[in-house]
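Written out below as structure tokens is the structure these notes cover.
All residue numbers in this chain count up from 1 along the given sequence.
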Amino acid sequence: MPDTMTNDLDRAIGFTIPAHHARGRMVRLGPVLDTILSVHSYPPAIESLLAEALTLTALVGATLKDVNGQLTLQTQSGNGVVRLLVCDYRGGEIRGYVQFDADRLAEAPADPTLFALFGQGYLAITFDLAATGERYQGIVPLDGNRLADAVQSYFAQSEQIPTQVRVGFAKHDGRCVAGGLLLQHLPEGEEGRERLHAKMDHPEWEHVATLGATLGADELADPALPLETLLWRLFNEEDEVRVLASTGLSRGCRCDAAYIRSVLAKFPVEEQRAMADAEGVIGVDCAFCSSTFPIKVDELVD
């Protein structure tokens, strides 16, 4: 498969390997990632952490069959440097932010461990399905070296699906690029045999996982390598690899002045005035995009 594309960024592709009852996703983030990170001016360790979280959000979110469904990743910190990390995905749009203690981060190593960042923390993964109104959530400890390890544990423990997750992050000429791979074993056949559950040593899965492990972080974060080329490198000896439709990824902050007004209008007038400054303006900040919305109390109507 020749490299006919350059700067393959801000998209996700799905694929299946029928002979081994496996499926997967690959993502690559570029300008979208840069835009999200640039509005916060994060220190390098936090920037790298959020880049990984956004990549994982896109990887897992892209598996949603409900086009209006939402996937949310949120950490719960156990007295760590990071107080809160939140990312979500909906319809190809991603967003995220981090709240952290700058003083404690300054005391940490340049490349802090996951434990240094979160302490005894946890990762919550939540699926909100718009079509049915159902919500599913799984919570796993932030064990391992990276967030990707926790996501891998979520699928193994909560979904009982053998899963491999790999993420790479790099800077090219000052621009942030991140990529990710998610591999999963599926029930065998359309009629649906029982999931593998704890059979992580199943020979079919071992074969796919071994190939996936050969993909380097530098390859995932190389914008000059099309995602299809990476797939070909991994699985070119397989009888069949089906590549699914590509999904474009974009920054998706959903802050909206009209919505903010409607929320503030539900507060009693006395509380609205207490929130306002001397000029009668309530300043509402969006943590995701760092935008501020000045709302005049006199304009609020329930």
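For the pair Asp88 and Leu73, the minimum side-chain heavy-atom distance is 4.5 Å or more. Residues Phe127 and Glu134 have side chains not in contact (no heavy-atom distance under 4.5 Å, counting atoms from C-beta outward). Counting only heavy atoms from C-beta outward, the side chains of Ile139 and Gln137 approach each other to under 4.5 Å.
Checked by atom type and distance alone, the side chain of Glu52 never pairs as donor or acceptor with a backbone atom of Val167 at under 3.5 Å. Looking only at distances, a side-chain donor or acceptor of Asp8 sits under 3.5 Å from a matching main-chain atom of Leu227. In this structure, the side chain of Thr55 does not engage the main chain of Ala53 through any donor-acceptor pair within 3.5 Å.
Once rounded to the nearest 0.5 Å, the distance linking CG of Leu49 with CG of Leu85 reads 5.0 Å. Between the CD1 atom in Ile13 and the OG1 atom in Thr247 there is a gap of 10.0 Å [rounded to 0.5 Å]. Distance check: Leu186 CG to Glu204 CD gives 10.5 Å after rounding to the nearest 0.5 Å. With rounding to the nearest 0.5 Å, the separation of CG in Leu249 from CZ in Arg251 is 14.5 Å. The distance from atom CD of Glu271 to atom NZ of Lys266, rounded to the nearest 0.5 Å, is 14.0 Å. One distance of note links CZ of Phe288 with OH of Tyr97; it measures 5.5 Å at 0.5 Å rounding.
Of the N and O atoms on the side chains of Gln74 and Thr72, not one donor lies less than 3.5 Å from an acceptor on the other residue. For the residue pair Glu206 and His185, no side-chain donor N or O sits within less than 3.5 Å of a side-chain acceptor on the partner. Checked by atom type, the side-chain pair Arg242/Thr16 shows no donor-acceptor distance below 3.5 Å. Side-chain polar atoms of Tyr154 and Gln152 form no donor-acceptor pair below 3.5 angstrom.
Counting heavy-atom neighbours within 6.0 Å of Asn145 CG, excluding the residue itself, gives a total of 12 or less. Annotation: Asp277, atom CG; neighbour count of heavy atoms from other residues, nucleotides and ligands within 6.0 Å is above 12. The local environment of CD in Glu240 is crowded, with over 12 non-hydrogen atoms from other residues, nucleotides or ligands closer than 6.0 Å.
Evaluation of the salt bridge (Lys or Arg N to Asp or Glu O under 4.0 Å) rule for Asp222 yields no partner, not counting sequence neighbours. Residues passing the salt bridge (Lys or Arg N to Asp or Glu O under 4.0 Å) test with Arg175, sequence neighbours excluded: Asp34.
Hydrophobic clustering keeps Val269 apart from Val281 (ILVMFWY residues linked when any side-chain heavy atoms are closer than 4.5 Å, directly or through intermediates).
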Exercise. Given Lys296 and Glu279, is the salt bridge (charged side-chain N to carboxylate O under 4.0 Å, His left out) satisfied, shown in steps?
Worked result: CA-CA 8 Å; Lys296 293 184 178 180; Glu279 297 179 354; over 6 Å; no

